[in-house]
Amino acid sequence: FPVAPEEAEDEGKTLQLVENYLQNFYNLQKDHQPHLRNKDENPLAAKLKEMQAFFGLEVTGKPDLDTLEIMKKPRCGIPDIGQYV
Amino acid sequence: FTAGNPKWKRNNLTYRILNYTPKMRQADVDKAIQKALSVWSNVTPLTFRKVEDKEADIMISFAYRDHQDNSPFDGPNGQLAHAFQPGEGIGGDVHLDEEEAWTKDGRGYNLFIVIAHELGHSLGLSHSNDPGALMYPTYSYTDPNEFLLPQDDIDGIQAIYGQSNDAVQPTGPITPQACDPNLTFDAITTLRGEKIFFKGRYMLRKHPARTETELNFISLFWPKLPSGIQAAYENVERDEVLLFKEDKYWVLRGYDIAPGYPKPIYRLGFPKTVKRVNAAYNDETTGKTYFFTADRYWRYDENKKSMDHGYPKKIVSKFGKIGRVDAAFQKDGYVYFFRGTTQFQFDPHTKRIVRQMKSISWFNC
């Protein structure tokens with residue numbers, strides 16, 4: 001069935017939350033193309049897996065409930081990986 | 001460690017507080033910062049000296065949104081603060097988001113906890129994936145009076161600056177792992193169908209419908225509860241859980257701590273000679289609660305709200321050779337007694353121990 005509008009909006013919000021989080025803390029490049037099916041794994045899914053592995057979550061590559069719960073927690077602004085200069 | 005392993009070339013560092021948040025008394029901000037600095041100086045050769053009117057190694061300030069360091073803050077919650085790795089200029093500096101509710105206790109965000117974490121970055125540490133570590137990325141409250149720098153953070157900072165100059169090297173708490181065969185428990189209770197295992201400042205939570213065990217700080221759910229809960233039991237009929245530490249006890253009604261607690265355990269009928277309760281369980285069929293202290297047990301009538309006469313009695317007289325009890329709970333008519341890494345399954349009808357297991361048998365290891 002077509003997704004009901006507010007579900008679509010929720011989905012949009014979720015994607016925004018996930019993208020922001022991975023850009024801020026997992027070095028996801030802003031210009032990634034999350035919706036293009038290229039031969040490599042979707043960079044967003046790859047970064048999501050990295051974040052899930054760091055927090056000891058089940059590594060699904062999908063923004064499941066446990067993952068979103070962690071992303072909503074107040075935290076330090078320093079990235080979890082990579083250089084912060 | 002931070003990529004490139006940046007570190008200060010000197011052990012005697014300076015810090016300066018550039019401004020203050022209006023949400024706390026200045027004296028409380030000073031105190032929180034001094035305590036946060038001592039978290040690291042206590043376990044390394046590092047020293048910190050406060051300077052007033054010149055450039056310091058670590059400049060501490062409260063800032064709004066875009067504050068010209070390419071990392072704007074995001075308003076209340078979300079990102080609470082950030083800090084820069086050791087180096088000249090902005091290196092080592094700590095920035096705190098002024099729009100957060102900074103406090104010196106469990107409300108809002110505790111300034112001491114956040115600054116202690118950021119100072120870890122100022123000294124060259126990056127984030128740890130140990131959920132109990134101070135350098136874990138997400139905020140979690142611990143009562144500053146009970147705070148002990150975890151071993152994970154001690155190992156990290158000493159790898160950079162070496163050990164403390166003290167004769168006795170400081171050690172810190174280790175985060176419990178559910179499948180650690182050496183795991184022992186302070187207390188265990190059921191809670192609306194779940195099982196809660198208490199260990200230090202942590203609780204391991206086992207829901208029957210989930211395979212994995214959830215590890216949380218006790219303070220995440222109950223900031224007013226101390227760490228080191230020593231006994232706990234659920235009174236299913238009243239939908240209450242009683243929690244004991246030393247000579248005090250708290251009551252959880254549903255998931256919230258009931259007002260007016262803690263109360264002295266002597267209200268339950270213990271004599272003043274009893275200083276703490278080691279374990280407890282409530283027998284759902286008889287409505288009696290069994291308390292375990294040292295090598296004896298007591299029996300409390302929940303309906304009469306008084307201790308039964310003729311107690312305490314020797315544990316061995318009723319429960320056999322289970323020795324002293326660390327923790328206990330009842331499930332499906334059986335009572336499970338925990339002592340160290342051993343668990344006994346006791347059948348109260350036959351008064352026999354029917355099985356002996358490992359303490360971690362509930363965690364699907």
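Naming: A, B, ... by sequence-line order, numbering from 1 per chain.
- Aromatic ring centroids of B:Phe147 and B:Phe112 lie under 6.0 Å apart.
- In this structure, B:Arg192 is positioned above the aromatic face of B:Tyr255, its NZ or CZ under 6.0 Å from the six-membered ring centre and within 45° of the axis.
- Within the 4.5 angstrom heavy-atom criterion, no atom of B:Phe73 approaches chain A.
- The six-membered or imidazole ring of A:Phe55 lies near that of B:Tyr136, with a centre-to-centre distance under 6.0 Å.
- Among residues two or more places apart in sequence or in another chain, the side-chain contact (heavy atoms from CB on, under 4.5 Å) test is passed with B:Asp28 by B:Met24, B:Arg25, B:Lys104.
- Judged by a 6.0 Å distance limit and a 45° cone about the ring axis, A:Arg75 is positioned over the six-membered ring of A:Phe25.
- Within the 4.5 angstrom heavy-atom criterion, only side-chain atoms of A:Asp66, from C-beta onward, approach chain B.
- Inspection of non-hydrogen atoms places B:His117, B:Glu118, B:His121, B:His127, B:Ser128, B:Asn129 of residues 117-129 of chain B under 4.5 Å from chain A.
- Cation-pi geometry between B:Lys199 and B:Phe185 is not met at under 6.0 angstrom from the ring centre and within 45 degrees of the axis.
- Side-chain rings of B:Tyr141 and B:Phe217 stay apart, their centers remaining 6.0 Å or farther from each other.
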